[in-house]
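In the text below, chain A, chain B and the rest are named by the order of the sequence lines, each starting its count at 1. Predicted model, so just to flag it, every value in this text is computed and none were measured.
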Amino acid sequence: MPELPEVEGYTRYFREHALHQPIARVDVRDARILGEVRPEALARRLRGRTFTSVRRHGKHLFADAGAAWLRLHFGMTGDLAYYRDPSDEPRFARVVFGFEGGAHLAFEDMRLFGVVDLIDDPDAFIASHRLGRDPLDPAFGLRELRKLLAGRRGAIKALLMSQELVAGLGNLYVDETLFQTGIHPLRTADALRDGEVRALLATMRRILQAMIDGKPRRGWIFDRREEGERCPKCGGTLRRATIAGRTTYWCPKHQR
DNA sequence: CGACAAGCCTGGTAGC
DNA sequence: TGCTACCAGGCTTGTC
């Protein structure tokens with residue numbers, strides 16, 4: 001499912017294919033995918049314009065269309081497809097942008113957890129939705145992370161899932177980060193030692209970057225989400241439980 | 001056939 | 001009282 005690394009991939013895909021072509025038409029195949037904007041308004045405000053740049057924050061993609069920004073959120077089954085032949089339209093295309101010149105960009109999403117919307121300003125959106133820092137933002141540092149964790153009595157897993165501290169990690173990457181850092185998902189955020197917070201930030205960045213780069217996941221828990229699986233790190237037996245409302249896997253032997 | 005999984009929002013409650 | 005934490009429920013649909 002699309003978390004930060006996958007959305008980074010979509011952002012690059014969008015940048016590579018969908019910029020600098022006048023938008024001839026916008027076809028909303030299923031209005032349930034839309035956020036605030038109505039289908040007619042989406043089409044009216046984009047038609048004749050071009051996407052000039054695209055950026056990402058956490059799991060959100062923002063494309064600049066001049067007077068407005070297109071916002072895409074990929075939910076759990078969202079994807080982009082760029083193609084010329086209309087018969088190549090994906091089965092679950094929800095919105096299709098048709099460019100002058102005949103190319104198409106489809107936002108597809110089988111399970112409709114994603115969102116297509118039009119907003120005025122990405123930074124205002126990020127602020128109003130209380131999204132935390134993007135973990136790959138170089139300006140985001142250890143000092144700031146420590147400050148964010150201070151006084152938070154909730155479980156670290158819940159906090160990393162919430163998007164309000166750091167934006168972009170979903171269930172799988174939170175588990176992976178805690179696994180590789182050796183931190184138990186139920187640890188109180190406030191009680192993490194300085195070294196653990198440092199490892200947390202460095203590890204999540206390394207994991208996200210490795211995924212973006214398509215590196216192999218040797219020694220990760222990522223592909224072993226199964227109760228009773230062997231811990232690739234220490235030979236312990238992986239445990240499974242619902243934590244923060246999500247299926248959570250961890251190694252009780254080395255995550256403490 | 002029903003249960004389940006996912007991300008994220010909403011609304012309610014409990015506790016300091 | 002106000003804040004924080006935390007829970008259930010809803011949305012959707014392919015897969016088990």
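The aromatic rings of H17(A) and Y13(A) are tilted relative to each other, their planes meeting at an angle between 30° and 60°. Taking the six-membered ring where tryptophan is involved, the planes of F51(A) and F99(A) are perpendicular, since the angle between them exceeds 60° and thus also 30°. The aromatic rings of F222(A) and Y173(A) lie tilted to each other, with the angle between the two planes from 30° to 60°.
The distance between atom CE of M76(A) and atom P of dC9(B), rounded to the nearest whole Å, is 16 Å. One atom, CG of D30(A), and another, C1' of dC11(C), lie 13 Å apart when rounded to the nearest Å. For the pair E164(A) CD and dC8(B) P, the computed distance is 13 Å after rounding to whole Å. Rounded to an integer number of Å, the gap from CD1 of I243(A) to P of dC6(C) is 12 Å.
Between H73(A) and dG7(B) there is no side-chain polar atom (N or O) within less than 4.0 angstrom of OP1 or OP2. Within the structure, a side-chain polar atom (N or O) of T247(A) is placed less than 4.0 Å from OP1 or OP2 of dA6(B). In terms of phosphate contacts, R130(A) brings no side-chain nitrogen or oxygen within less than 4.0 Å of OP1 or OP2 of dT4(C). A sub-4.0 Å separation between OP1 or OP2 of dT12(C) and a side-chain N or O of R32(A) is present. In this structure, Q163(A) does not reach the dG7(B) phosphate: none of its side-chain N or O atoms is under 4.0 Å from OP1 or OP2.
Shown here are the side chain to side chain contact (heavy atoms under 4.5 Å, CB included) partners of T77(A), two or more places apart in sequence or in another chain: D109(A), M110(A), R111(A).
Summary for the helix from dG2(B)-dC16(C) to dC16(B)-dG2(C): the axes at its two ends, each from 5 pairs, differ by 50° when rounded to the nearest 10 degrees.
Of the residues I119(A), T11(A), L72(A), D121(A), the one that meets the side chain to side chain contact (heavy atoms under 4.5 Å, CB included) test with F62(A) is I119(A).
You'll find a donor-acceptor pair under 3.5 Å spanning the side chain of R111(A) and the base of dT13(C), going by distance alone.
As judged by a 4.0 angstrom heavy-atom cut-off over every strand, A155(A) is placed among residues touching the sugar-phosphate backbone only.
Between R187(A) and E196(A), at least one side-chain nitrogen of the basic residue sits less than 4.0 Å from a carboxylate oxygen of the acidic one, meeting the salt-bridge criterion.
For the pair L118(A) and R45(A), the minimum side-chain heavy-atom distance is below 4.5 Å.
Nearer to the 5' terminus of DNA chain B, by closest-nucleotide assignment, is the contact made by R246(A) (compared with the other of R246(A) and R153(A)).
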